[in-house]
Asker: 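Can you read through this structure? Questions will come right after.
Naming convention: chains lettered A, B, ... in sequence-line order (proteins, then strands); numbering from 1 in each chain. No hydrogens, no waters, no symmetry mates; every other heavy atom, side chains included, goes into these values.
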Number of protein chains: 2
Amino acid sequence: MRITDVAAAAGVSAITVSRALNAPELLSKATLRRVLSAVERMGYVPNLTAGALSSRRSRMIVAIVPTIASPMYAETLQAFTDVLSQAGYHVVLGLGGFDGRDEEQLITTLLGRQPEGLLLVGAVQSTGARRRLAEAMIPVVQIWGDASTAADLQVGFSHASVGEAVANHLCDRGYRAFGVVSSDDPRALERLEGFRRGLQRRGLLLATQRLMPPPSTLMEGRAALEPLLRDLPRHGAVFCSSDLLAAGLLIEAGVRGVRIPGELAICGFGDLEIGRAMEPALTTVSVDGTEMGQLAARCLVDRLAGNRIPRRLSVPAEIIQRGTT
Amino acid sequence: MRITDVAAAAGVSAITVSRALNAPELLSKATLRRVLSAVERMGYVPNLTAGALSSRRSRMIVAIVPTIASPMYAETLQAFTDVLSQAGYHVVLGLGGFDGRDEEQLITTLLGRQPEGLLLVGAVQSTGARRRLAEAMIPVVQIWGDASTAADLQVGFSHASVGEAVANHLCDRGYRAFGVVSSDDPRALERLEGFRRGLQRRGLLLATQRLMPPPSTLMEGRAALEPLLRDLPRHGAVFCSSDLLAAGLLIEAGVRGVRIPGELAICGFGDLEIGRAMEPALTTVSVDGTEMGQLAARCLVDRLAGNRIPRRLSVPAEIIQRGTT
DNA sequence: CGCTTCAATGACATCGCTAACATTGATGGG
DNA sequence: CCCATCAATGTTAGCGATGTCATTGAAGCG
């Protein structure tokens, strides 16, 4: 069924039906009612593909995320999609993984959909992909971004500063020996670097670090405890790149009877529900993934509506002092 | 840049460029090479919207999921998207929530994209939405489905049987007093009903049940322990609708010094990582969310390729006996 | 009353691609 | 040597909507 069918049924022209659906204020009350009732009666569903081609407005936004299997990204994407859906956009999902392989390929085919905007979690790695994005001439919001790569629009926080702040916080609480258990994705590595620098500023060193490929899991956290205890002096503190790793440590500590924070202090990252629910509750860094997703979405919507918006937005990343440090 | 620009640059007609990209086997080696090099050189990205309109093949699949904030669905969707992406489809995300509000609206606008297939988590609630789906004449795969609602294609398992199997399992292990802590989404309720029936068959009754709105959280699990202990005789067993609830009980039990499974046995659902990582590890029902997502995707791909495929596929749901029962 | 103005509607071309059919020229069999 | 055949490429006409400009008629105004 096409728009012309509805038009015929309502005794108007195709464009009038189009207007009834897209710009009802242009029609007289009577016509509008007649057309809408025909639409309703016939169960007409407009072909958005055709509409997009004609109007050059696809009303689609592409979201490129490493994975949604990780709760942090899932939460962000959920919020992002909710807001955009409200604003009348559809979200096309691109799962890129953590390595840059196929990145350009993925971005290219998705750009072929003529999205009006794009969400990017983390940085674009390949220059080819970067060029493609630039050529697309659409707003790109980057979230969870590294400082290094400047996208068009950015919603996030400085991972390096977070690392440094955690270092300071732990020093202030009196810890003097430090370890890191971290995934080796670019954002985690930036936090680690900041952490290390923060320690250096205080004249302290990192005693041990353990890197592993993303995504991080509880099990990896559990497995990390034993080597950590070996390498780190008693009363040390460990900074984990994810609450999952931290919670894993906590669980294993429970099993082994290691007192937390007495024998080992733990700071996580992400403020996931699991951290809040553990006993003792996890000290962690809270970044509001939901807010970040919402902000990113609103950025795009505003920008597409022609409003001027700030190119950089910060969401706060704050250390939540709880029971494990 | 349009396809004709590339065609001009390569000294061929538009359709030849189209074929170079979509049906290279139809072209001579020389022409193919010439065209592809022009495509490459000019950085041409085909407009898939136009292509979709013309060919009536959108190469898009719509996925409608209650939420991706829940790890189970996120995992399934991840697998689903991965497979489809491999097969050259893009996934458009629809987040429907758990209530049926706006369901028809959401489905309708998404159908306007002319997707070639659709993934549905759970059942369609409104009849309006069901009619719309039927009229769209595209394959619809339903996963995590209730038995009641027969979609076009179905990949899943019987929630009721799972509930019954858990009842039997717990009875067989000698428990005689039973409780349930559950979300009240339709699928969880079906499991609950099966559980109750299973108990009845054995001449046993449910001593207490506590329902709460989805999504389930660890915190709700923790909060559920105290009333549960009040209402349920010692040495009872509780069936939770999610590993998150179960893990919450487990954490709270640790805090209160309630011995698991000595004083309280716990069975979860979902086989999430957290259940495996807890100590004692959680007895649970494992349904492979990844496999379900992959299967659903393959169903669609096969069907769209014109192959005959079974209308119902089962993925196994098996009880994993671990430390909490 | 004639002219402007504006609200309401329509006609037509167009968005960028591909399906369907047409054409071309080389190949090979009788 | 002619003609059927087939591989390789081209021509034309849409796909289903909307942008743009044109048209209509009623209202307002001096």
Asker: Between B/Thr76 (side chain) and B/Met72 (backbone), is there a donor-acceptor pair under 3.5 Å?
Answerer: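 Checking the backbone N and O of B/Met72 against the side chain of B/Thr76, a donor-acceptor pair under 3.5 Å is found.
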
Asker: So among A/Arg303, A/Arg57, A/Arg59, which one has a side chain to side chain donor-acceptor pair (under 3.5 Å) with A/Glu116?
Answerer: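 Among A/Arg303, A/Arg57, A/Arg59, the one that satisfies the side chain to side chain donor-acceptor pair (under 3.5 Å) with A/Glu116 is A/Arg57.
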
Asker: Just the rounded figure in Å: distance from P of C/dC17 to CG of B/Asn22.
Answerer: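 Distance, rounded to whole Å: 11 Å.
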
Asker: For C/dC17, does OP1 or OP2 lie under 4.0 Å from any side-chain N or O of B/Tyr44?
Answerer: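 The answer is yes; a side-chain N or O of B/Tyr44 sits under 4.0 Å from OP1 or OP2.
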
Asker: In whole angstrom, what separates A/Glu116's CD from C/dC15's C1'?
Answerer: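 Between C1' of C/dC15 and CD of A/Glu116: 15 Å.
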
Asker: Rounding to a whole Å, what distance do you find between A/Arg2:CZ and D/dG14:P?
Answerer: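 One finds 11 Å between P of D/dG14 and CZ of A/Arg2, rounded.
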
Asker: Round to the nearest Å and state the distance from A/Met1 atom CE to D/dG16 atom P.
Answerer: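 Atom-to-atom, A/Met1 to D/dG16, this comes out as 12 Å.
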
Asker: Between the main-chain N or O of B/Ala50 and the side-chain N or O of B/Ser54, is there a donor-acceptor pair closer than 3.5 Å?
Answerer: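 Side chain of B/Ser54 to backbone of B/Ala50: no pair is present.
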
Asker: Would B/Thr67 and B/Ser70 count as having a side-chain donor-acceptor pair, cut-off 3.5 Å?
Answerer: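 Looking only at side-chain atoms, B/Ser70 and B/Thr67 do not form any donor-acceptor pair under 3.5 Å.
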
Asker: Is there a donor-acceptor contact under 3.5 Å from the side chain of B/Asp5 to the main chain of B/Arg2?
Answerer: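 Answer holds: yes.
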
Asker: From CG of A/Leu21 over to P of D/dG19, roughly how many Å is that when rounded to an integer?
Answerer: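 Distance check: A/Leu21 CG to D/dG19 P gives 13 Å.
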
Asker: Which of the following nucleotides, D/dG16, C/dC17, D/dA17, is nearest to the side chain of B/Ile3?
Answerer: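 Side chain of B/Ile3 sits closest to C/dC17.
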
Asker: Between atom CG in B/Leu53 and atom P in D/dG14, what is the gap in whole Å?
Answerer: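 Taking CG of B/Leu53 and P of D/dG14, I get 14 Å after rounding.
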
Asker: What is the distance, to the nearest angstrom, from the CG atom on A/Asn47 to the P atom on C/dC15?
Answerer: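 It is 18 Å, rounded to the nearest whole Å.
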
Asker: Aromatic rings A/Trp144 and A/His159: how do their planes relate, parallel, tilted or perpendicular, breaks at 30° and 60°?
Answerer: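 Tilted, since the angle between the ring planes falls between 30° and 60°.
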
Asker: Using a cut-off of 4.0 Å between protein heavy atoms and nucleotide atoms, how would you tag nucleotides 5-14 of chain C 5' to 3' with B, S and -?
Answerer: ---SBBB---

